[in-house]
Amino acid sequence: MQKLIRSAIVPVAGLGTRLLPATKSQPKEMLPVARKPIVQYVAEELVANGIEQILFITGRGKSSIENHFDHDPELARLLQSANKHELMEQLNAVELNAKFFYTRQRLQRGLGDAVLCGENFAGEEPFVVALGDSIIGLHANSQAVSRMAELFHAKRASCVLAVEEVPPEETVHYGIVEPADVDGDVVRVANLVEKPAPGSAPSNLAIAGRYVFSPLIFDMIRRVRPDARGEIQLTDAIQFMCEEGRRVLALKLPPDEKRYDIGNFASYFGTFVEFALADPEYGPGLRAALERLLARAPVRS
Ligand code: UTP
């Protein structure tokens with residue numbers, strides 16, 4: 001099959017303040033969800049969708065991400081001499097079938113600014129952006145990025161966003177799409193609204209952490225002025241594309257490829273439990289333990 005898009009940018013430079021103190025001296029993208037750190041699910045998903053090279057936008061205090069994807073000869077020797085072949089295979093899988101690149105965002109000036117750090121890496125080709133704190137689908141089993149790349153080419157789009165339906169009371173937390181028209185799971189985007197005030201959201205379709213962009217996005221990011229918190233928002237750059245009449249499309253994620261956002265404790269806890277319950281070895285035992293616990297201590301609200 002023809003390779004549609006080869007490159008992905010994964011921003012992992014954010015400060016993760018909503019997860020303090022867990023993130024005081026470790027990146028939130030390295031927090032474990034069941035057996036693996038979050039960023040490993042992201043890399044595995046990208047490679048399973050045909051991505052051949054990944055640029056991580058890192059920052060101070062994020063070097064454990066580089067170490068995680070690097071080969072560790074000492075550990076390999078230790079496991080080899082202890083005949084732990086299964087563990088060795090799992091570690092080889094971490095090294096994955098892709099090339100990894102790293103660059104630093106020197107000041108945490110927002111997601112738009114982080115993506116701009118990948119301009120030279122992307123060059124003249126379209127590319128994927130995958131947020132390093134969001135997993136798509138249980139255990140990252142998702143082909144959404146491939147479907148987005150196909151749509152991008154088939155419709156000659158400038159941008160394709162993954163979106164998911166969220167309850168109306170939660171739209172205030174997300175970038176929300178104003179649809180121009182809807183055809184099945186494909187939405188033509190008229191405008192984007194970042195964190196709309198309660199009751200004013202133009203839809204319940206929230207941007208879900210995966211994007212396909214033409215390199216045109218870099219010019220748009222350069223035009224964005226910092227918001228009240230001094231951050232350059234990626235959503236503002238995509239809004240410029242909409243205003244210029246460029247084709248911005250959104251693809252709805254199906255319920256079995258939902259987005260797990262790890263950026264706050266409520267969804268991090270929920271995601272950990274859901275992934276651990278689905279673990280073939282330890283899931284059934286955890287389920288029994290949780291049932292016992294819940295029977296003993298009724299949940300207080
Ligand atoms: P968030 O919007 O969750 O921001 O980032 P954050 O700064 O990490 O978290 P809080 O609000 O302080 O808790 C979404 C993704 O974009 C990256 C993050 O690492 C995360 O993967 N990001 C965000 C950057 O790479 N650089 C930035 O300046 C901001």
Side-chain angles (χ1 to χ4, degrees), residues 8-33 36-46 54-66 68-69 100-119 121-122 127-136 140 145 161-164 166 170-176 192-195 206-211 213 217-218 221-222 224-238 259-269 271:
I9 296 176
V10 179
V12 290
L15 299 174
T17 47
R18 284 169 297 158
L19 292 179
L20 281 169
T23 50
K24 182 160 180 293
S25 63
Q26 67 175 333
K28 70 171 161 182
E29 297 81 5
M30 282 299 289
L31 292 177
V33 167
K36 301 177 205 169
I38 293 153
V39 71
Q40 188 179 332
Y41 291 102
V42 177
E44 287 176 359
E45 172 209 326
L46 292 172
I54 299 175
L55 172 70
F56 292 96
I57 311 294
T58 73
R60 268 179 309 283
K62 302 274 181 170
S63 50
S64 58
I65 296 175
E66 282 177 58
H68 184 71
F69 289 110
F100 293 123
F101 299 85
Y102 302 88
T103 192
R104 280 196 180 197
Q105 183 188 23
R106 298 174 71 184
L107 291 171
Q108 275 56 57
R109 295 182 64 226
L111 181 58
D113 181 68
V115 171
L116 193 54
C117 297
E119 185 171 16
F121 168 80
F127 61 97
V128 169
V129 169
L131 299 193
D133 65 352
S134 291
I135 302 171
I136 306 293
V145 162
L161 312 161
V163 291
E164 72 171 354
V166 297
E170 285 181 23
T171 51
V172 294
H173 302 299
Y174 296 97
I176 300 291
L192 295 174
V193 191
E194 186 61 40
K195 302 190 173 69
I207 304 175
R210 298 293 181 271
Y211 312 77
F213 286 119
I217 190 66
F218 297 116
I221 296 173
R222 266 189 283 275
V224 175
R225 301 271 66 88
D227 66 7
R229 292 166 54 200
E231 294 195 348
I232 308 282
Q233 296 295 348
L234 185 59
T235 311
D236 291 348
I238 306 169
R259 173 208 195 174
Y260 297 90
D261 169 10
I262 323 294
N264 61 75
F265 280 120
S267 63
Y268 174 56
F269 289 170
T271 302

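Just so it is clear, the values below take in all heavy atoms, side chains as well, and ignore hydrogens, waters and symmetry mates. First listed ligand is number 1; within each ligand, the first listed atom is number 1. Position 1 is the first residue of the sequence, and the numbers go up from there.
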- [ ] Give a yes or no on this: more than 12 heavy atoms of other residues, nucleotides or ligands lie within 6.0 Å of atom CZ of Arg222.
- [x]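 Result for CZ/Arg222: enclosed.
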Task: Ring centers of Phe56, Phe69 separated by less than 6.0 Å - done: yes
- [ ] Using modelled atom types only, decide if a donor and an acceptor are shared between the side chain of Tyr268 and the backbone of Lys28 within a distance under 3.5 Å.
- [x]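 Not a single qualifying donor-acceptor pair exists.
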Open item on the list: Counting only heavy atoms and a distance below 4.0 Å, can you name the residues contacting ligand 1?
Closed with: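 The 4.0 Å shell around ligand 1 contains Pro11, Val12, Ala13, Gly14, Leu15, Gly16, Thr17, Arg18, Lys28, Glu29, Gln105, Gln108, Arg109, Gly110, Leu111, Ala114, Gly132, Asp133.
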TODO: Not counting sequence neighbours, list each pair that qualifies as a side chain to side chain donor-acceptor pair (under 3.5 Å) and has a residue in residues 54-64.
DONE: Glu29-Lys62
TODO: State, with a plain yes or no, whether a side-chain heavy atom of Ile221 is found less than 4.5 Å away from one of Asp113.
DONE: no
- [ ] Take Val115 and Phe218, measure what side chain to side chain contact (heavy atoms under 4.5 Å, CB included) needs, and give me the verdict at the end.
- [x] CA-CA 8 Å; Val115 171; Phe218 297 116; 4.1 Å; yes
